[in-house]
Each structure stands twice: as C-alpha cells, then as structure tokens.
Amino acid sequence: MPKPVALQLYSVRDMAAQDLPGTLKAVANIGYEYVEMAGMYGKTPKEVRKLLDAAGLKACSAHCAVFDAAKREQVEEEAKALGYKHLVSGFGPKDFENEESIRAICQKINDAVNHFAPKGYTISIHNHDWEYSAPQKGDLMLELCPKACPQFDIYWVKTGGANPAEVIQRYIRRVKLLHVKDGPATQEKKSPMTAVGKGTVDVAAAIRAAEKGPLEYLIVELDSCETDMLAAVRDSYNFLIGRNLASGRK
C-alpha cells in the first residue's frame, strides 16, 4: 500500500507569507492531505491549527528548533497544538568539517532524543549534500545517534554523490519520513529544482527502498523552482499518485 504524500510548506513559503489560508486551501485542492510545517508564519500554533482544519489538512511533522535546548518548550507547544509527533531539523556544512564537530552535533541530537522520545516524539535528522559527499560523514553521525531517525532527502543524497536507494537501505529500520525532491542533483547545478519526476533522481527506486522499513510519510519539497511553484507542487503530486508511488485524497 503506497504511503501518504505530504507537502513541506517551505516549498510554498512565499505564498504562505502573503496568504496562509489561501495557500493551505490550494495545497488541499491539489490532493495533499498532509503537510510538514516550517514555521508558524507569524501566527500562534492554535491559529495555524484552525487554518489547517479549515483546509482539511493535517500536520504530519515539522522542521523546527528541536536541537536547541533553549526552545524545547516552544517546540512541544507547537507539536501539541498541531498534533504531530515527528520533530525534524538538520545541520550546516561547518558542522561536518571534522570528527570533533560531528561529535558535537551528535551530543545535541542525543540530548534531544533523550528529552523528547519519552514523551512520544520521533526525532529525525534532515540531510543536505555535504553529509553524503565522500567520505560520507552522515554515516558517522547516524552511527553516533542510534536512536534518531534519518529523514533522507533523496535529492541532496544524490547531489552529494551517493545513491539514495542504497543509503536508505543501510538504515532501513530507522526511516520514517522521506523527503522526495528532484532536479539536476549535481555539484555544478544544485538548484533550482524541478517537479518530482522531471529531474535526474530515481524517485521510484528510493521510495521502493524506503517502503521496506517503517516509512510513514513521503514529503514533497522544492527549495526553489524555475517554473511556477504551485504548478510544480501539483505536478509532483500527480507524478507520485499516477505511478502508484504514494497515496492522497484524489
């Protein structure tokens, strides 16, 4: 059975900043039933929850300040109000410069797991290309954080030079969220991205690999796009649904 498809709202951040209610309704009209949060757009968590409910959307997860110990109360307040249990964040290229810096972020990750996991939350780490360029420093991070889940971004894994399906397979028992993204995926041209299915990433192979584990959601994300963003979001949905790689409301 295909997994539900969600949209990372960062994709439509410009629209959402201008008209959050209208943006959420447009996303729902495409067929998405779930979204991954990326901020509150100047509103309270309760206000955002009302807008999601009005659009017929559910929040499955959020990119948030989960690894910032000073913001734990805020992270939990937002999660409770919006009803999600998956907390996600990532780290910059400087955090992977050497083993010492990697061990430092792993301390933050493990501290977050120890704080949030007993409360029923899952902690996931989102990657970019720098974790999967040779040598694959993301492997050391995941080895040092055995109770955290990788939220593999298949586009950035490929951009780094690794095979997304193979990387997923190495950590198959820990992958609950997958970022589905497409585009040129080369160091020479990292962006803008394309609608899913119109780039160079073997999306189907990555999803089929992830389906062998405890995968819960497929999350479409475009950091940027040369075409109309909402059209790309729609094309991505239609590609995944049309090829039976994901499930949605249409």
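Everything numeric here is computed off the predicted structure, so don't read it as measured data.
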Legend entry - CG on Leu87 to SG on Cys64, rounded to 0.5 Å: 4.5 Å
Taking salt bridge (charged side-chain N to carboxylate O under 4.0 Å, His left out) as the cut-off, I'd like each qualifying pair that reaches into [range], sequence neighbours left out, listed once.
{"range": "residues 5-20", "result": "none"}
{"range": "residues 102-113", "result": "Glu99-Arg103"}
{"range": "residues 155-169", "result": "none"}
{"range": "residues 57-74", "result": "Glu33-Lys58"}

Measure from the side-chain N and O atoms of [X] to the backbone N and O of [Y], and report whether any donor-acceptor pair falls under 3.5 Å.
{"X": "Ser11", "Y": "Leu222", "value": "yes"}
{"X": "Trp130", "Y": "Glu97", "value": "no"}
{"X": "Glu131", "Y": "His128", "value": "yes"}
{"X": "Arg174", "Y": "Ala148", "value": "yes"}
{"X": "Asp182", "Y": "Val201", "value": "yes"}

Inset, instruction - With sequence neighbours excluded, give me every ring pair (Phe, Tyr, Trp, His ring centres under 6.0 Å) pair touching residues 173-200. - result: His63-His179, His126-His179
Legend entry - ring pair (Phe, Tyr, Trp, His ring centres under 6.0 Å) contacts touching residues 206-233 (sequence neighbours left out): Tyr34-Tyr217
Inset, instruction - Quick one: do Glu47 and Met40 satisfy side-chain contact (heavy atoms from CB on, under 4.5 Å)? Show the steps, please. - result: CA-CA 9 Å; Glu47 288 172 337; Met40 295 292 119; over 6 Å; no
Legend entry - With Ser61, the side-chain hydrogen bond (donor to acceptor under 3.5 Å, both in side chains) member among Glu216, Glu36, Lys85, His86: Glu36
Legend entry - side-chain hydrogen bond (donor to acceptor under 3.5 Å, both in side chains) contacts in which one or both residues fall within residues 227-243, not counting sequence neighbours: Lys198-Asp235
Inset, instruction - Keeping to residues at least two apart or across chains, list the side-chain hydrogen bond (donor to acceptor under 3.5 Å, both in side chains) pairs with something in residues 138-147. - result: Asp139-Arg170, Asp139-Tyr171
Inset, instruction - Please name all residues satisfying side chain to side chain contact (heavy atoms under 4.5 Å, CB included) with Lys80, sequence neighbours left out, ordered by chain then number. - result: Glu76, Tyr121
Legend entry - Under the side chain to side chain contact (heavy atoms under 4.5 Å, CB included) test, residues paired with Met15 that sit two or more places apart: Val12, Thr23, Leu230
Inset, instruction - Taking only Lys NZ, Arg NE, NH1 and NH2, and the carboxylate oxygens of Asp or Glu, determine whether Arg208 and Glu211 approach each other closer than 4.0 Å. - result: yes
Legend entry - Criterion side chain to side chain contact (heavy atoms under 4.5 Å, CB included) against Pro150, the qualifying member of Val157, Val175, Leu178, Ile125: Val175
Inset, instruction - Would you sort out whether Tyr155 and Asp223 count as a side-chain contact (heavy atoms from CB on, under 4.5 Å), showing the intermediate values? - result: CA-CA 11 Å; Tyr155 178 84; Asp223 298 25; over 6 Å; no
Inset, instruction - Report the hydrophobic cluster partners of Tyr10, with the cluster defined as I, L, V, M, F, W, Y residues connected by side-chain heavy atoms closer than 4.5 angstrom, directly or transitively. - result: none
Legend entry - Hydrophobic cluster (4.5 angstrom, side-chain heavy atoms) - remaining members for Met1: none
Inset, instruction - Mind running side-chain contact (heavy atoms from CB on, under 4.5 Å) on Met141 and Asn127 for me, showing each step along the way? - result: CA-CA 11 Å; Met141 176 186 65; Asn127 68 274; over 6 Å; no
Inset, instruction - Determine, step by step, whether Ile105 and Phe96 satisfy the side-chain contact (heavy atoms from CB on, under 4.5 Å) criterion, reporting the C-alpha distance in whole Å, the side-chain angles of both residues, the deciding distance to 0.1 Å, and the verdict. - result: CA-CA 9 Å; Ile105 64 170; Phe96 292 88; 3.6 Å; yes
Inset, instruction - Measure across Gly56 and Arg249 and return the closest heavy-atom pair with its distance rounded to 0.1 Å. - result: O-NH2, 2.5 Å
